[in-house]
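Below you'll find the structure, written out as structure tokens, and then a few comments.
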Amino acid sequence: FSGLWKGLPDMTEEKHTKLFTGQDGITWKYLSNPETDRPVLVLFHGWSGDENSMWVFSKKFNTPPWHIFSPRGILETESGGFGWTDLRENHFSNFIHVAETIHNSLQALLKQFNIIQSPIHAMGFSQGGALLLVLSILYPATYTKAACLSGYMPQGSKTFIAPGLLSQNNYYIAHSTNDQIVPFSHSLQIQEKLKAGDASVQFCQADVGHKVDAACFRDLGEFFLASN
């Protein structure tokens, strides 16, 4: 998944990371931090990725360090790596079970590490972005800042987004106009759906294919770091 970003510096592995599998069977990568009151960031990879695929984005949050979690998808893909749900199952209802599973797993981890409960920041790429959107709609008071990168809104979301539901939520959407895997039109649909729930949406448009370019990467960091 080295093609996830474009124009970003080469970044080495972070120290103090842990890899473990919870009793629920979900495997997580975690950047440990002794300060329990620091913000929490969750990274959701796309189809055929794994818990390492999104780790490059964690480098934005080292000073001071955040609690960073990255789960591995629950479905093994034929091409290697993992996913969140079958690519043919693109309805909102198909994502609900996995979203609930991931949410409960994360809450258990926060409790295990005595991390003070607070709104969670999260970002997802491609199918991971779709999962994140579902999470933020099901648990709007928890996932208050969310970034969907080259992602899409699963079909049938309108039923779940009531006016005012997302009035306290902030979203960052980044998408390329020439994305051949997830067409640019999906980003416009995401904005329309989120704004129907009164969400605040920031948008970054690029021209780099199914990737995140350096300018959007920079703005992404500013989005999360502003008023943690």
Side-chain angles (χ1 to χ4, degrees), residues 1-6 8-33 40-62 65-90 94-110 112-113 120-136 143 146-152 154 174 179-182 208-212 216-217 220 224:
F1 241 67
S2 59
L4 176 60
W5 53 88
K6 180 177 181 179
L8 306 187
D10 181 29
M11 299 179 180
T12 57
E13 181 60 66
E14 184 62 72
K15 296 180 180 179
H16 310 301
T17 58
K18 301 177 181 179
L19 186 68
F20 54 89
T21 301
Q23 294 182 349
D24 51 19
I26 304 298
T27 297
W28 293 83
K29 183 174 183 178
Y30 167 51
L31 175 61
S32 61
N33 184 347
V40 174
L41 176 67
V42 186
L43 309 171
F44 296 101
H45 65 77
W47 182 257
S48 76
D50 61 23
E51 65 279 4
N52 298 304
S53 300
M54 295 285 288
W55 206 251
V56 63
F57 294 103
S58 71
K59 313 306 176 180
K60 281 280 189 181
F61 310 94
N62 286 343
W66 289 27
H67 296 284
I68 302 178
F69 294 88
S70 180
R72 178 187 298 170
I74 63 173
L75 179 70
E76 292 191 41
T77 69
E78 294 182 357
S79 58
F82 302 85
W84 300 106
T85 186
D86 192 301
L87 288 176
R88 296 166 295 183
E89 299 174 348
N90 189 29
N94 298 127
F95 283 83
I96 291 179
H97 175 68
V98 64
E100 292 174 339
T101 299
I102 292 296
H103 173 76
N104 292 335
S105 183
L106 177 60
Q107 294 302 309
L109 290 178
L110 296 179
Q112 177 181 336
F113 290 113
I120 292 172
H121 304 65
M123 68 176 79
F125 177 79
S126 198
Q127 191 186 63
L131 172 62
L132 173 55
L133 291 174
V134 173
L135 273 167
S136 69
Y143 304 90
C148 181
L149 313 174
S150 303
Y152 57 93
D179 191 328
Q180 299 298 311
I181 297 178
V182 180
V208 293
H210 196 56
K211 302 178 182 180
V212 179
C216 291
F217 180 76
L220 173 66
F224 280 114

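Below, each value reflects all heavy atoms present in this structure, side chains not excepted, and no hydrogens, waters or symmetry copies. As the structure is a prediction and not an experimental result, all values here were calculated from the model.
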How about [X] and [Y]: do any of their side-chain heavy atoms sit closer than 4.5 Å?
| X | Y | answer |
| --- | --- | --- |
| Leu19 | Thr27 | yes |
| Trp28 | Ser70 | no |
| Leu106 | Tyr143 | yes |
| Leu149 | Leu220 | yes |
| Phe125 | Leu43 | no |
| Leu133 | Phe95 | no |
| Ile120 | Leu110 | yes |

If you round to the nearest 0.5 Å, how far is [atom2] of [Y] from [atom1] of [X]?
| X | Y | atom1 | atom2 | answer |
| --- | --- | --- | --- | --- |
| Ile68 | Lys59 | CD1 | NZ | 8.0 Å |
| Tyr30 | Phe69 | OH | CZ | 4.5 Å |
| Lys29 | Met54 | NZ | CE | 12.5 Å |
| His67 | Ser58 | NE2 | OG | 14.0 Å |
| Thr17 | Asn52 | OG1 | CG | 8.5 Å |

Legend entry - Thr101 side chain vs His97 backbone, donor-acceptor pair below 3.5 Å: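 Yes.
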Legend entry - Side-chain donor/acceptor of Trp84 to backbone N/O of His45, under 3.5 Å: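 Yes, because the side chain of Trp84 sits within donor-acceptor range (under 3.5 Å) of the backbone of His45.
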Inset, instruction - Just do the side chain to side chain donor-acceptor pair (under 3.5 Å) check on Ser105 and Asp24 with the steps written out, would you? - result: CA-CA 7 Å; Ser105 183; Asp24 51 19; 2.7 Å; yes
Legend entry - Nearest heavy atoms of Val134 and Pro154, plus distance in Å: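 Distance-wise, the nearest heavy atoms are CG2-CG, 3.8 Å.
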Inset, instruction - Can you run down the salt bridge (Lys or Arg N to Asp or Glu O under 4.0 Å) pairs that involve residues 94-110, sequence neighbours left out, and say none if there aren't any? - result: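 The answer is none; no pair qualifies.
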Inset, instruction - Among residues two or more places apart or on two chains, list those pairs meeting side chain to side chain donor-acceptor pair (under 3.5 Å) that have a residue in residues 122-136. - result: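 Applying side chain to side chain donor-acceptor pair (under 3.5 Å) to every pair that reaches into residues 122-136, excluding sequence neighbours, yields Ser126-His210, Ser136-Tyr171.
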Inset, instruction - Mind telling me whether Trp66 and Phe224 have parallel, tilted or perpendicular rings, with 30° and 60° as the class edges? - result: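 If you compare the ring of Phe224 with that of Trp66, the planes turn out perpendicular.
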Legend entry - CA sep, side-chain torsions, deciding dist, call: Trp47, Ile181, side chain to side chain contact (heavy atoms under 4.5 Å, CB included): CA-CA 11 Å; Trp47 182 257; Ile181 297 178; over 6 Å; no
Hey, can you pull the donor-acceptor pairs under 3.5 Å for the side chains in residues 71-81, sequence neighbours left out?
residue: Arg72; atom: NE; partner: Glu51; partner atom: OE1; Å: 2.8
residue: Arg72; atom: NH2; partner: Glu51; partner atom: OE2; Å: 2.9
residue: Thr77; atom: OG1; partner: Gly80; partner atom: N; Å: 3.3
residue: Thr77; atom: OG1; partner: Gly80; partner atom: O; Å: 2.4
residue: Thr77; atom: OG1; partner: Gly81; partner atom: O; Å: 3.4

Legend entry - Test of ring centre spacing under 6.0 Å for Phe113 and Phe20: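 Yes, the ring of Phe113 comes within the 6.0 Å limit of the ring of Phe20, centre to centre.
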Legend entry - Phe61 and His121 aromatic centres sub-6.0 Å: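 Between His121 and Phe61, which both carry aromatic rings, the centre distance is not below 6.0 Å.
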Legend entry - ring-ring contact (aromatic ring centres under 6.0 Å, His included) between Phe217 and Phe57, worked out: CA-CA 8 Å; Phe217 180 76; Phe57 294 103; 5.6 Å; yes
